[in-house]
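What follows is a short report on a single structure.
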Protein chains: 2
Amino acid sequence: MRTKPIPESAPETPRRAADRIRETAFDLFYREGIRAVGVEEIVSQAGVTKPSLYRAFESKDELIAAYLRDYDQRFRERFEAPGAEHPRDPKAHLLAYLDRLATRACHDDYRGCGLTNAVIEYPEREHPAHQVAVQSKQNLRERLREMCREMGARDPDELADGLLLLLEGSYVSGQAFGEGGPARMLGVMARRLIEASI
Amino acid sequence: MRTKPIPESAPETPRRAADRIRETAFDLFYREGIRAVGVEEIVSQAGVTKPSLYRAFESKDELIAAYLRDYDQRFRERFEAPGAEHPRDPKAHLLAYLDRLATRACHDDYRGCGLTNAVIEYPEREHPAHQVAVQSKQNLRERLREMCREMGARDPDELADGLLLLLEGSYVSGQAFGEGGPARMLGVMARRLIEASI
DNA sequence: TGACAATGTTACCGATCGGTACGTATTCTG
DNA sequence: CAGAATACGTACCGATCGGTAACATTGTCA
């Protein structure tokens, strides 16, 4: 056992080609858009070759779906993270997330929500990218409804939809306006809607 | 004079190739996405040939820019139209537009705002599509501020940004959720924000 | 009739797209 | 060490991308 090779404690670049592809694809798809990025660009930037990509993923569409599932997971983590600092206080939890989002969305190179962008890039309902992204959005809607119920809203579903509109609006307007865009008002507006609905 | 050929009183299809290309490109770009549509598809569906396209437009990018300028003009018309029914009442004017938008955005095949979609499809600031779309959004923001001033908001710029978030949120969530999506709450939420800000 | 502008026809260009057949390293196991 | 897996690279495929050259056809107006 003691002679067993250590499993590379700090691998600056992942050993496995599939992982490198997945990470590179994530960055490129998010920053430049999915349709704008070809598989050639992904593999070359990942330092691997095309057959490695197609051994790990059935097709580009499957790689896209994997990217969106990764994005969904990271989103959930970002969304739920403030909950640790505000246990049993869904309102503070949600507002903390929105405040952080507002800051990010007003940064100049903000590129919005990868899932929202995917719905727009792939409007066909049958496309895997569309399906994964829409499913994630439906989960988010349900989660918001749950939080609105917990914070004692008169009509939780209604408030959840209002907040969802503000949220999605921040995603897209962040890209269009950059620094000083309308997303800076996200916190103010969300608080106003919540106060008027409890 | 009487022998002069009548100028085709009801031309079901426009005579000029450039016009047909422009109209076909508008429909295809809007419904399927810009990057998803090739020039071949445009000319074949328009019933013309590729050289005709490139005689009227320098490049595909220029055709895209033309599409977005057309979209911007049609948007302005839709946005300003309710003003005729509500002269000197910017609040009623705006709410009338939002109510119509909410209805459209909850229809199942809604495809959002072509300008917003273009910003997402072309995130590079140098791209003509990006520039035309962003300029249109800045004009809209300024128009909203003007309306909020006229309706006597305490902080017109703040309210305008809040309404803009709801608006953009309706555009994108309409595509993701379709029938019964959050956009149905657009009118309620806009009224709530306005009432809390006057 | 003749000149002119607009459009169609056909065939093509280099570049890039997503995807693959096939051979070569590397590594784990006996 | 042998030998089977496992992981990867070289070189290539047909299709499509945006874009063009050269020429024929049409309708309009003088």
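Lettering of chains follows the sequences in order, A, B, ..., and the numbering in each one begins at 1.
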Please give, in whole Å, the distance from D:dG18 C1' to B:Ile64 CD1?
-> 11 Å
Once you round it to whole Å, what is the distance between P of C:dT7 and CG of B:Asp19?
-> 9 Å
Do A:Glu121 and A:Asn117 have a side chain donor and acceptor closer than 3.5 Å?
-> no
Centroid-centroid distance, B:His130 to B:Tyr122, less than 6.0 Å = no
Can you tell me how far P of C:dT7 sits from CZ of B:Phe57, to the nearest Å?
-> 11 Å
Nearest-Å distance for atom pair CG/C1', residues B:Asp61 and D:dC17 = 13 Å
Distance-only side-chain donor-acceptor flag, A:Gln175 / A:Arg111, under 3.5 Å | yes
Per atom distances to the B:Pro51 side chain, the nearest of D:dG19, C:dG18, C:dT10 is C:dT10
According to the interplanar angle, ranging from 0 to 90°, do the rings of A:Phe79 and A:Phe75 count as parallel (below 30°), tilted (30 to 60°) or perpendicular (above 60°)?
-> tilted
Send over the distance from B:Arg16 CZ to C:dA5 P, rounded to a whole Å.
-> 13 Å
Parallel, tilted or perpendicular: which fits the ring planes of B:Phe26 and B:Tyr67, with parallel below 30° and perpendicular above 60°?
-> perpendicular
Atom pair distance, as rounded to whole Å: CD in A:Glu41 and C1' in C:dA15 = 15 Å
Classify the side chain of A:Lys50 and the base of C:dG19 as holding, or not holding, a donor-acceptor pair under 3.5 Å.
-> yes
Is the phosphate of D:dA7, meaning OP1 or OP2, less than 4.0 Å from a side-chain N or O of A:Arg55?
-> no
Could you state the atom-to-atom distance from CD1 of A:Ile42 to P of C:dT16 in whole Å?
-> 16 Å
Nearest listed nucleotide, side chain of B:Lys60, among D:dG19, D:dA7, C:dG18 = D:dG19
Find which nucleotide of DNA chain C each of B:Ser52 and A:Arg35 is nearest to by heavy atoms, and output the residue with the more 5' nucleotide.
-> B:Ser52
When the nearest nucleotide of DNA chain D is assigned to A:Thr49 and to A:Glu40 on a heavy-atom basis, which residue is associated with the more 5' position?
-> A:Thr49
OP1 or OP2 of D:dT20 less than 4.0 angstrom from a side-chain nitrogen or oxygen of B:Tyr54, does that happen here?
-> no
Quick one: A:Ile34 CD1 to C:dG18 C1', roughly how many Å, whole number?
-> 16 Å
